A.B. asks: 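First the structure, which I've put down as structure tokens, then a few questions once you've had a look.
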Amino acid sequence: MPTQTQDTEMHDPTVLQATDGMDFEDDGDGVLDRDRIRVLPGATDTAASFQFEKEDHTLGNALRYIIMKNPDVEFCGYSIPHPSEEKMNLRIQTYDGVNVYTVLEKGLDDLMDMCDIIIDKFTVARDEFDEKLKQAS
Amino acid sequence: MPRPGQEELAQRNRVNVGLETVTNQASTDFPGHWPGENHEWDLGYFRENFKVQFHTNAPLDSSFSLIGIDTSIANAFRRILLAEIPTVAIEYVYMKQNTSIIQDEVLAHRLGLIPLTADRKALSWMKWYKKPTDEDPGSGSPSDYNTLMLTLDKKCEWQEGGLDRAARGETDPERLYKNHNIYARDLEWHKFGQQVEIWGDGEGLRAVHPDILIVKMRPGQEISMQLHAIKGIGQDHAKFSPVATASYRLLPTIDILKPIVSADAKKFARCFPKGVIGLEPVTAEDAKKDPELRGKEGEAKAVVKNAMRDTVSRECLRHPEFADKVKLGRVRNHFIFRVESTGQWNSDELFLESVKLLKIKCQKVRRGLDEMMK
């Protein structure tokens, strides 16, 4: 059979390729940016559910917290509809005249700002601790 | 912007631990929860109030407190530490020969679980290996930028004169055989392609613990295999998890409401782990202030020495004599983290990496959102 001959020509996995310093994209989780997030049906300007691809409680709960910190938000909650699907739904409802998209954007930006501060403070605390240990010894 | 006082805030951040109940668990620092108070996200306020305290910092074990963050954020870091920071581990094992007593699949599994380490910079240069798929015939081929190649070739033989010694009744394998114990240090790494340049003369890929026993053999048995280590995350397989464990607990609090003295004080101290409760003599000043202590100068009084060491066993609440004299609790926004690395990263670096990864997650979603809005 022709398919069989092809099989025998298949690449031997124990033979390793050497490459020459090529630079290529490496996004990790294999999700394209435009597939990462979608709006579920029934959305309005002040109330929408978003579905995040390949996200879980890690981002879901953190984002929920930071969005709930926004006084323009009436309601924010997240759920993982089914444990065997890597999907996370986030529901945002805002008070009159506030767009949910800007609220979501602000939430993401706030979370990123928070990460920066945590990195700064953690690094300073660790360096001080290590310095103190060095002096003590 | 009205803010509640320090005392009120401390009370709100206290999780009460009763004999059989835990109350006031949920955080309430949201706008609209407390009338007339603004709990809007405020970066300046966070910067002022967030604190980090280190307790220990060793490469394989570090402990630190994050004070002033919400559970949802602390838990995100813990989850990322466990499941999303990439490490390198053996994923493919090509057996050329295995006449040892351990079956191929069991041996391959053991090899996968061995923690590996190498120069961090070189490891971070590594790209993701894409598993072969039916749709893309060129996929899944191992290359220098996504695969590290190791070999393990060992053959067990008799030592010189070992056979004679065995005949004379010698049973110590150390005096009879060669290569009868195969350890993690016997893994041999072979760099190829760009790896030669990237790794340079620095330390190469090796097992964190060289003394892990992989297999025992007897004369005539042989193993020969090629191993491919790739980059992966703990979500895919626990062997890729960079930590032995990463956990947090909330800072315990012990409030002694009424003085506990003399024999009771000793019994009280025994309800807690060592070093949590101390005994101090009642001073004349104490006796003057508290009518219950009058005439008890010089007797032992229970004081809280180090609440952080408490395990919150609630033993003290089981004794009726202490039940109304003590209040146990935890501080809701004081997280005592403990990170134990498996050796590929340093524990403190791991935490920083987890924060960076959360930020990258946000950036990815942000990009997705921008794409969607177009």
Side-chain angles (χ1 to χ4, degrees), chain A residues 10-11 13-22 24 26-39 52-53 55-59 61-66 68-71 73 101 104-105 108-119 121-126 128-130 133, chain B residues 29-32 38-41 43 46-47 50-54 57 64 66 69-73 75-77 79-80 83-84 86 92 94 127-128 130 140-145 147 149 192-194 226 228 348 351-352 355-356 358-359 361-373:
Chain A
M10 234 177 66
H11 179 70
T14 60
V15 176
L16 296 141
Q17 292 173 4
T19 57
D20 48 354
M22 57 176 176
F24 52 88
D26 189 43
D27 56 350
D29 56 5
V31 180
L32 293 171
D33 276 343
R34 72 182 122 83
D35 300 331
R36 222 171 267 285
I37 179 169
R38 73 188 184 96
V39 183
F52 294 77
E53 207 64 39
E55 292 297 346
D56 53 13
H57 299 281
T58 306
L59 187 71
N61 202 10
L63 205 53
R64 188 224 89 222
Y65 167 77
I66 207 90
M68 275 172 75
K69 278 286 225 180
N70 188 337
V73 174
Y101 301 97
L104 180 57
E105 273 177 14
L108 289 166
D109 291 343
D110 286 347
L111 203 52
M112 287 192 269
D113 294 341
M114 184 196 248
C115 289
D116 289 335
I117 292 181
I118 293 173
I119 288 176
K121 290 231 174 179
F122 185 90
T123 315
V124 170
R126 181 199 55 189
E128 274 173 11
F129 181 82
D130 285 351
L133 270 193
Chain B
D29 55 338
F30 298 107
N38 184 355
H39 285 281
E40 186 179 354
W41 171 249
L43 202 63
F46 179 75
R47 187 181 285 124
F50 174 68
K51 285 184 185 66
V52 181
Q53 281 171 4
F54 259 82
N57 186 23
F64 48 86
L66 303 185
I69 56 166
D70 190 74
T71 310
S72 55
I73 310 295
N75 196 42
F77 297 143
R79 286 174 63 93
I80 292 174
E84 292 185 49
Y92 294 101
Y94 299 99
K127 302 278 192 286
W128 301 95
K130 293 213 170 60
S141 50
S143 311
D144 48 4
Y145 54 82
T147 303
M149 200 263 273
F192 64 100
Q194 291 176 75
Q226 196 185 95
H228 291 181
D348 53 343
F351 180 79
L352 283 173
V355 184
K356 277 182 210 155
L358 183 66
K359 194 179 170 190
K361 261 177 186 293
C362 292
Q363 282 166 341
K364 278 185 186 170
V365 171
R366 190 69 221 260
R367 282 207 309 269
L369 192 64
D370 291 344
E371 198 75 26
M372 189 183 73
M373 303 285 275

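Letters A, B, ... mirror the listed sequences (proteins, then strands); counts begin at 1. As the structure is a prediction and not an experimental result, all values here were calculated from the model.
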A.B. asks: I'd like to verify something: which residue of Thr123(A), Asp116(A), Leu133(A) has the highest number of heavy-atom pairs under 4.5 Å with chain B?
C.D. replies: Asp116(A)
A.B. asks: Side chain, backbone, both or neither: which part of Asp370(B) has an atom under 4.5 Å from a heavy atom of chain A?
C.D. replies: side chain
A.B. asks: With a 4.0 Å cut-off, would you call Glu84(B) and Lys361(B) a salt bridge?
C.D. replies: yes
A.B. asks: At a 4.5 Å cut-off on heavy atoms, which part of Gln363(B) comes close to chain A: side chain, backbone, both, or neither?
C.D. replies: both
A.B. asks: At a 4.5 Å cut-off on heavy atoms, which part of Phe54(B) comes close to chain A: side chain, backbone, both, or neither?
C.D. replies: both
A.B. asks: Search all heavy atoms of Leu43(B) against all heavy atoms of Met114(A) and return the closest pair with its distance.
C.D. replies: CD1-N, 4.3 Å
A.B. asks: Pick whichever of Lys51(B), Gln53(B), His39(B), Gln226(B) has the most heavy-atom pairs under 4.5 Å with chain A.
C.D. replies: Gln226(B)
A.B. asks: Fit a plane to each ring of Tyr65(A) and Phe30(B), take the angle between them on a 0 to 90° scale, and name the class: parallel (under 30°), tilted (30 to 60°) or perpendicular (over 60°).
C.D. replies: perpendicular
A.B. asks: Does any backbone or side-chain atom of Phe122(A) lie under 4.5 Å from a heavy atom of chain B? Answer side chain, backbone, both or neither.
C.D. replies: both
A.B. asks: Taking the side chain as every heavy atom from C-beta outward, state whether Phe351(B) and Leu66(B) have any pair of such atoms under 4.5 Å apart.
C.D. replies: yes
A.B. asks: Using non-hydrogen atoms and a 4.5 Å limit, figure out which bit of Asn75(B) sits close to chain A: side chain, backbone, both or neither.
C.D. replies: neither
A.B. asks: Using heavy-atom distances under 4.5 Å, tell me whether Phe50(B) contacts chain A through its side chain, its backbone, both, or neither.
C.D. replies: both
A.B. asks: Flag the one option from Asp29(B), Thr71(B), Ile69(B), Thr147(B) with the top tally of heavy-atom pairs under 4.5 Å to chain A.
C.D. replies: Asp29(B)
A.B. asks: So which atom in Met112(A) and which in Cys362(B) form the shortest heavy-atom distance, rounded to 0.1 Å?
C.D. replies: CG-CB, 3.5 Å
A.B. asks: Could you tell me whether Lys69(A) and Asp70(B) make a salt bridge, using a distance below 4.0 angstrom between a side-chain N and a carboxylate O?
C.D. replies: no
A.B. asks: Output the option from Val124(A), Asp110(A), Asp113(A) having the highest count of non-hydrogen pairs under 4.5 Å with chain B.
C.D. replies: Asp110(A)
A.B. asks: Just to verify, what does Arg367(B) make a side chain to side chain donor-acceptor pair (under 3.5 Å) with, not counting sequence neighbours?
C.D. replies: Asp33(A)
